Number of protein chains: 2
Amino acid sequence: MILDNRKRRILQAIVDDYIDTAEPVGSRTIARKHELGLSSATIRNEMADLEEMGYLEQPHTSAGRIPSDKGYRYYVDELMQVKELTEEEIRNIEQAMEVRVSEIGQLIKLASTVMSRFTKYTSMAVTPNMKKSLLKAVQVVPVETGKALVVVVTNTGMVKNFLIKISDSIVSEDLIKVSNMLNDKFANFAIEDIKQPSIKDMGNEIEVPRDILLPVIEKVVGCIKQIDAPEVFIDGVTNIFNYPEFRNVAKAREFLSTLDEKENLSKILSSTGQNNNSVSVRIGTENILDEIKECSLLTATYSLGNVVIGSLGVIGPTRMEYPRVISSINYIRKKINEEISKLLEEGLEIDT
Amino acid sequence: MILDNRKRRILQAIVDDYIDTAEPVGSRTIARKHELGLSSATIRNEMADLEEMGYLEQPHTSAGRIPSDKGYRYYVDELMQVKELTEEEIRNIEQAMEVRVSEIGQLIKLASTVMSRFTKYTSMAVTPNMKKSLLKAVQVVPVETGKALVVVVTNTGMVKNFLIKISDSIVSEDLIKVSNMLNDKFANFAIEDIKQPSIKDMGNEIEVPRDILLPVIEKVVGCIKQIDAPEVFIDGVTNIFNYPEFRNVAKAREFLSTLDEKENLSKILSSTGQNNNSVSVRIGTENILDEIKECSLLTATYSLGNVVIGSLGVIGPTRMEYPRVISSINYIRKKINEEISKLLEEGLEIDT
DNA sequence: TGTTAGCACTCTCACTCATCGAGTGCTAAT
DNA sequence: ATTAGCACTCGATGAGTGAGAGTGCTAACA
């Protein structure tokens, strides 16, 4: 699929123009707006060629052309000019991200919000998958007589709590012993791999009556086992109303209903390639989900060290400002990576 | 504002019919559908009266009538027939609420989801306000050398975590002492009232070097202080597309955009009367927020013991199925109250 | 041979106009 | 007090029309 230079320039002009105006682009428009030194008739011929090759489409005979998915694909892969964020844009993002957060979930949520505000499209993000994360610490802390709180911390910085009922006769010291034992046994296990330790395993490590502590241990492990799926955030869904392709209710409804289903979101976000350092672009029919076959989906992943732990993305009409959005996602992704390390290494900054 | 019996019946018939069909109701329709034993002409006269009194409106001269906000108000206060949930409906709700949750936030979120599914409108709910809640326990638990997790539990069952950095020389035992001290000092304080304890206060309760523990205490109190506002959940926003009043994009957009702003939601939910046991109904212009002057808002509160700790509600077109929705909210509210007590008293049920 | 001017043709969009039907308000009869 | 009858109003619907944008094709041109 090689295009000669003139066709490339014309295709680029058409895509750029259409992204800008949302109106089918005619040959005259191209001839006028872009200095290609060609008459509209010539461009018309080239456009007919491009259409035949599948890069352009005509909504109806007497309308201009619009890019096909294939056209957008070529544009994204070969034509579009990467647009670095301006200093001011960077400043805006930095400022918006300055909010203090106390855990990763909040960070991801914030990033999603910022991303939708900033790109003017709809954004999504998913928190790290706890089941795949490694156990960093588990602690059973007393709340009041007969009740305790199980706190589970993972290497990805996610924290989960469960309130459990325990025997009244158990005192703080016992809980500490239980905690210590579990930590010794399961530190760095993947959450999903943690199983009830056998009685033999617990051996003589604990000198407290087994019949009292056993239920506690069972409950704690039970809590760990029922840690659930990652959370998905979505933001700026109403941004789509800014785009004429969603001016009719049926379209808007389909879009919104699809994104209302958290399951769909997970599907969408997890379908992204695991490529560590770039933004993945799915255009129109390249998407798996039928309902968003008129949308483009731009996703990226964020990591802890070298391990990908979650992803985020932007969805909007195929007529999307790819260069700008790609740069934005990239920047925000990097920002998340930084903040995650900070959060995990430095803990929370506190005003005193 | 007293209406004679016949006017009441006619008004009731009109509201019922309009709620059902979303079409302006004509005199003939009423005469036919409802067995009032009156001719359309008579009804016509009565309708003219009702309009003059402000209970009805006419979209245009040759259309039927629709209820005004005042008409709905009268309907809600005096005419509508309370509709108890059927056994099957109750079963459905119970079933949907059976999901196991580990904390109040999840419970409220679940309830909101169930409510929107069940009423077919948009639902909202707010978690208990942590700042107003009382501290039940605070615990600093070790995560790894140099890092600890601050866990704060309130009487309303909300839990909050903060990861902090601590001096490497601090060991578990120190943290326990700090925890104990803070618990002794601040148990049953409202979160928002907790202040840095004076050095004198800490007195000789702790025998560990003060210059090491002081920063920890400062950080912990710092964490408590920055506990944030309650969370708001919203569900089923796309349900509005089922209602013809939102068939035009501008209306749908306004509705969705308004509810997209979490601040608005808080405003909406907190504007509810604090009436402990009934569902508050705000019809159209009775709402404070201009953007939802064409919607009705039904809210209720949930409680811990006798104290109201949060609220939930349903929003939809003024043409809402009041009887059904009111019963549903009421039922779900009660269900929440029950589940909260269960959660707090019994802790989490665990499969072993 | 590639480019361009010219022109007939197509198709959508916005507008107008006439018609239809639901529902009203009024009047007069019961 | 109620009702039948009727003229009237007004929005919705659909057909018809002209303007405008854009195309494809042909023939002329460099």
Side-chain angles (χ1 to χ4, degrees), chain A residues 3-11 13-18 20-68 71 244-245 247-249, chain B residues 3-11 13-15 17-18 20-68 71 244-245 247-249 251:
Chain A
L3 293 183
D4 67 55
N5 216 27
R6 195 166 74 181
K7 283 201 174 55
R8 289 166 60 99
R9 289 181 63 192
I10 290 176
L11 179 54
I14 292 173
V15 178
D16 277 335
D17 201 87
Y18 185 65
D20 196 40
T21 64
E23 297 289 332
V25 186
S27 51
R28 249 181 71 89
T29 315
I30 298 297
R32 247 186 299 118
K33 278 204 205 168
H34 305 258
E35 301 283 322
L36 298 175
L38 294 170
S39 77
S40 67
T42 310
I43 294 173
R44 212 142 56 225
N45 290 329
E46 295 286 33
M47 282 166 80
D49 290 352
L50 284 167
E51 181 174 0
E52 204 176 346
M53 290 188 253
Y55 295 102
L56 296 178
E57 288 172 353
Q58 233 177 341
H60 56 264
T61 330
S62 71
R65 258 77 169 203
I66 62 175
S68 66
E245 28 274 272
R247 281 288 149 74
N248 89 62
V249 184
Chain B
L3 293 183
D4 67 56
N5 216 26
R6 196 166 73 181
K7 283 201 173 56
R8 289 167 60 100
R9 289 182 64 192
I10 291 176
L11 179 55
I14 293 172
V15 177
D17 201 88
Y18 185 65
D20 196 41
T21 64
E23 297 290 332
V25 187
S27 52
R28 247 180 73 87
T29 316
I30 298 298
R32 247 185 299 118
K33 278 203 205 168
H34 303 258
E35 301 283 323
L36 298 176
L38 294 170
S39 76
S40 67
T42 311
I43 293 174
R44 212 142 56 225
N45 290 329
E46 295 286 33
M47 282 166 80
D49 290 352
L50 284 168
E51 181 174 0
E52 206 176 347
M53 291 188 251
Y55 294 103
L56 296 178
E57 287 171 355
Q58 234 177 341
H60 56 264
T61 329
S62 72
R65 258 76 168 203
I66 62 175
S68 66
E245 28 274 273
R247 282 287 149 74
N248 89 62
V249 184
K251 286 265 166 58

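Everything quoted here is computed from the prediction, not taken from an experiment. Just so it is clear: chains get the letters A, B, ... in the order the sequence lines come, proteins before strands, and each one is counted from 1.
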Does [N] have OP1 or OP2 sitting under 4.0 Å from an N or O in the side chain of [X]?
| X | N | value |
| --- | --- | --- |
| A:Ser39 | C:dT4 | yes |
| B:Arg65 | C:dG25 | yes |
| B:Arg6 | D:dT2 | yes |
| B:Ser27 | C:dG23 | no |
| A:Ser40 | D:dG22 | no |

Report the distance from atom [atom1] of [X] to atom [atom2] of [N], rounded to the nearest whole Å.
| X | N | atom1 | atom2 | answer |
| --- | --- | --- | --- | --- |
| B:Glu57 | C:dG23 | CD | P | 18 Å |
| A:Glu23 | D:dG20 | CD | P | 17 Å |
| A:Gln58 | D:dG22 | CD | C1' | 8 Å |
| A:Ile30 | D:dA21 | CD1 | P | 16 Å |
| B:Met47 | C:dG25 | CE | C1' | 12 Å |
| A:Ile10 | C:dG2 | CD1 | C1' | 13 Å |
| A:Glu46 | D:dC25 | CD | P | 15 Å |
| A:Glu51 | D:dG22 | CD | C1' | 12 Å |

Selected nucleotide, minimal atom distance to [X] side chain, candidates [options]:
| X | options | value |
| --- | --- | --- |
| B:Arg44 | C:dT3, C:dC26, D:dG24 | C:dC26 |
| B:Thr61 | D:dT3, D:dT23, D:dT9 | D:dT9 |
| B:Ser62 | D:dG11, D:dT9, C:dG23 | D:dT9 |
| A:Ala41 | C:dG25, D:dA4, C:dA5 | C:dA5 |

Look at the side chain of B:Arg28 and the base of C:dG21, then say whether one donor and one acceptor between them are separated by less than 3.5 Å.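 Answer is no: no donor-acceptor pair is held.
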Checking the side chain of B:Glu23 only, and the main-chain atoms of B:Tyr18 only, is there a donor and an acceptor separated by less than 3.5 Å?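 Looks like no, no N/O pair under 3.5 Å.
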Would you say B:Lys251 has more than 12 foreign heavy atoms packed within less than 6.0 Å of its NZ?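 Counting neighbours around NZ of B:Lys251, 12 or fewer heavy atoms of other residues, nucleotides or ligands fall under 6.0 Å, so no.
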Would you call A:Arg6 and A:Glu46 a salt bridge, using N to O less than 4.0 angstrom?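 The answer is yes: the pair qualifies as a salt bridge.
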Ionic contact status for B:Arg65 with B:Glu51, cut-off 4.0 Å: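 Yes.
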First encountered from the 5' end of DNA chain C, between A:Asn45 and A:Pro59: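 Closer to the 5' end of DNA chain C: A:Asn45.
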Non-hydrogen atoms of A:Met47 and A:Gly26 that approach each other most closely: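 Closest heavy-atom pair between A:Met47 and A:Gly26: CE-C, 4.3 Å.
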